[in-house]
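Values below: all heavy atoms of this structure, side chains included; hydrogens, waters and symmetry mates excluded. Ligands are counted one by one from 1 in listed order, and the atoms in each one are counted from 1 as well. The structure displayed is predicted, hence computed values, not measured ones.
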Amino acid sequence: MFQLASYKKLGLLLVCFVVMTGCKKTDDQKFSNRKISFNSDWSFHLNDSIIDKDTIGTSTKWRTLSVPHDWGVEGKFDEKSPAGYGGGALNGGLGWYKKTFKVAAEDSSKVTSVIFDGVYRNSEVWVNGYYLGKRPNGYIGFQYQISPYLNYGDKNNEIIVKVDNSKQPNSRWYSGSGIFRNVWIETTDKLHVGQWGTYVTTPKVTAEKASVNFETTIQNQNSVSKKATVTTTIFKDDTKVTTVTQNITIGANAKQTIKQVTEVETPTLWSVDKPELYTAVTEIAVEDKIVDQYKTNFGIRDFKFDLDKGFLLNGKQVKIKGVCMHHDLGPLGSAINTRAIERQLEILKGMGVNGIRTSHNPPAPELLDLCDKMGFIVMDEAFDMWKQNKTKYDYANDWDKWHKKDLIDQLLRDRNHPSIFVWSIGNEIPEQWSENGVTIAKELAAITRQYDKTRPLTAAMNPPVNMNIDAVTLQFEKNNVQINPLAAAGVLDLIGYNYAHQTYEYHKKNFPNTPFIATETTSALETRGYYDANSDSIKKWPVRWDLKFTDGNPGNTVSAYDQVQAPWGSTHEATWKVIKKHDYLSGMYIWTGFDYIGEPTPYEWPSISSYFGIVDLAGFPKDVYYMYQSEWTDKTVLHIFPHWNWKAGQTVDVWAYYNKADEVELFLNGKSVGIRSKKGDDLHVMWKVPFQAGTLKAVSRKNGKTVLETEIKTAENPSNLKLTADRSNIKADGNDLSFVTVDILDAKGILAPNANNEINFSLKGEGKIVGVCSGDPVSHESYKGSKHTALNGKCLVIVQSSNKTGRLELTAKANGLKPATIVITAE
Ligand code: GAL
């Protein structure tokens, strides 16, 4: 049997052409067989009088680092930052990167390109003094062919990148600054598959057979025409499935797109539970010699947004249980790291999430690769604004010149990902209320459909009437709705709007021919592990937009009972109850899965990060995570909260999320406090319990039989630190991470729920601490330091490997507490 292994060998041969110093082969290479990492050994220089590349050599303030890199998160939280609290109170600025590298003499007959997956923002690039170009948009990948400017052999080359994020504010959330995504060097033959040169579609899918169509763009950069054979082979799990071959003649310095059609018998379908992938390997051969090879992962799946049944995947109804995510990775800032994204996705999968909205910009390619592999239904979003600004210096200023190219590049880059099911052309775009907005939407829709007709198009609109929500509901009831022009224009395949769950039930009346998706929902707020004992009384924290934190809880905390929401949103339970009820509501994307830096809401110092996450900035779930888990997964769930450290005699509301049981009985120190059952569409039960120190125990039962038991106990004074690593074996590749949770325990091993000790970390061995975080939205301690104050008994420290194998010994110490040490092995 013809195995992928032989291709792998060939790939290796091809890669061996690429003898470059200053470049490194990494594990990321599995995403392509032509690219090698260009991430290491950059010099970086921040904010100086230097604004001209010809004078940067005079500075002595360069430091060496690897990209992806975000300089913003290395800075101090600054109340007066021009980025505002929306931008996380972290400054932008002007940064310079440079790197020296050599290229092997034999590559002089090839085509070499430098690929940036994203640079925030306004990047400009020079190689050996030649200007390659500018890219204002920070979220889109771009590449430059650099062969004509290179020195080959022993002579050095220099690449310089200017990154200008000095004009602030330009974002409503924390963007990060710098070369924050991967950089690659790609070397190919002059006859090669072009940039993002394959397009795989599966127009007809049945259990017996799937048709697979390939459109492949071949580029000939030779000055003579070439005769070649283009062979595309499909592999499943390294085994060849089928091959198509075509002979072509391609003119000198020309591009040609060829179409190949094949079929896969009894295809293994991609789904969220079993995200099965195929690989297409495209080879170009000239006189039997393979000159180029290009790998594309794809999936075979059939889907539809149905007016009555919502989202159908491979013929089965699947409710989209999605979350919106910004691109930052908490304490790592916006510098992407594949393991950090994977951990976020694992935590979300554990809650039952099956969808990700890339709010409000194209994500790092690694996120999409992971969604393909792990099974998420992605809404890939292009813009947060069109021509009209949301912040003074944002992308609206670049719109006229760049939007077309940015959108096309996003589509070309992303359209093979089986995880993407919806394109969103914008989020809460102000122009949606005008005819001008309809004109722009038509242009964007035409572009999108030109490059991909296989997915529906939506926009995350504001509710379809421009009014406050009570008036909207009233209007709907009177059947007297003024739909916003964008929703009414018939441009969108899916009506998508944010919030206003009260109006979902009127959808079919207003849009009888267009299916619905809740593009953004909820915006409820919580501080992890902080509770007002009496959950009935906490509605005081800003339930109105014009209220301040000072009207609410001390220290800008928000109670973690699911009762506090932004005025335009809802509690978690309220929106899910509606979405759950109606089949025609295909699903929702909750704002947000994880907390993110910036947009504290209200924007009020000292808060610098969001409260919207179901999971906090450090990756610790808030209680409502378990409500979703009880509803969205097969796991048996019984979760009670809050903690059990209160004042004697205080009445405490105890909530339980549970499933697979008819009732839950609560016991305090062995005495029953009562049995509760969810009624109607309830999603939790509650007891009012006069506090008494000791043990609170919950027992869930079905037909009288115990399903689960869980306990929380009163903690005594904090006494010990405990370290738990998510992975104690990591790869010695200079990228891999171990996320270590610090718990502050009492002498009996019970989590001290109010402990906020400062913890000091030290690491022995070849590796480094790259992030510390407690998830506290008001903490101004650096995420990049080696000490951090815990929030409500917990803290996180992130350890990164180097390229050397060995033992990494992490120690945590805090005044008055017994220290803890953990060993992580890098292999
Ligand atoms: C939405 C917006 C999001 C975020 C959210 C906070 O209106 O689309 O980007 O700002 O509000 O509730």
- prompt: Do E443 and K404 meet the salt-bridge criterion of a basic N to acidic O distance under 4.0 Å?
  reply: no
query: Taking only heavy atoms of H360, which atoms of ligand 1 are found under 4.0 Å from at least one of them?
result: 3 (C), 8 (O), 9 (O)
query: In terms of atom number and element, which parts of ligand 1 are under 4.0 angstrom from non-hydrogen atoms of N498?
result: 8 (O)
query: Are any of the side-chain heavy atoms of H403 and L444 separated by less than 4.5 Å?
result: yes
- prompt: Atoms of ligand 1 less than 4.0 Å from S523 heavy atoms?
  reply: 6 (C), 12 (O)
- line: Contacts satisfying salt bridge (Lys or Arg N to Asp or Glu O under 4.0 Å) that involve residues 386-400 (not counting sequence neighbours) are R121-D398, D384-K390, K387-D400
message: Is there a polar contact between ligand 1 and N427, counting only N or O atoms under 3.5 Å apart?
response: yes
message: Heavy-atom contact check, 4.0 Å cutoff: does W173 meet ligand 1?
response: no
message: Within the 3.5 Å criterion, strictly below it, is a donor on W402 or N137 matched to an acceptor on the partner's side chain?
response: no
- request: Answer with yes or no after comparing the ring centroid distance for W576 and W632 against a 6.0 Å cut-off, counting only values under it.
  value: yes
task: Could you tell me whether D493 and R449 make a salt bridge, using a distance below 4.0 angstrom between a side-chain N and a carboxylate O?
output: yes
field: Any N or O of H326 closer than 3.5 Å to N or O of ligand 1
entry: no
Contacting atoms of ligand 1, where contact means under 4.0 angstrom from a heavy atom of E599: 4 (C), 6 (C), 10 (O)
statement: Looking only at heavy atoms, the pair that brings S334 and D70 closest together is N-OD2, 2.9 Å
field: Charged tip of K321 within 45° of Y628 ring normal and under 6.0 Å
entry: no
query: What are the atoms of ligand 1, with element, lying closer than 4.0 Å to any heavy atom of W568?
result: 11 (O), 12 (O)
task: For Y499, take its heavy atoms, then give the atoms of ligand 1 lying under 4.0 Å from any of them.
output: 1 (C), 5 (C), 7 (O), 11 (O), 12 (O)
message: Distance under 4.0 Å to a non-hydrogen atom of F612: what atoms of ligand 1 satisfy this?
response: 6 (C), 12 (O)
message: Among all protein heavy atoms in this structure, tell me which lies nearest to atom 2 (C) of ligand 1, with the distance rounded to 0.1 Å.
response: E520 OE2, 3.2 Å
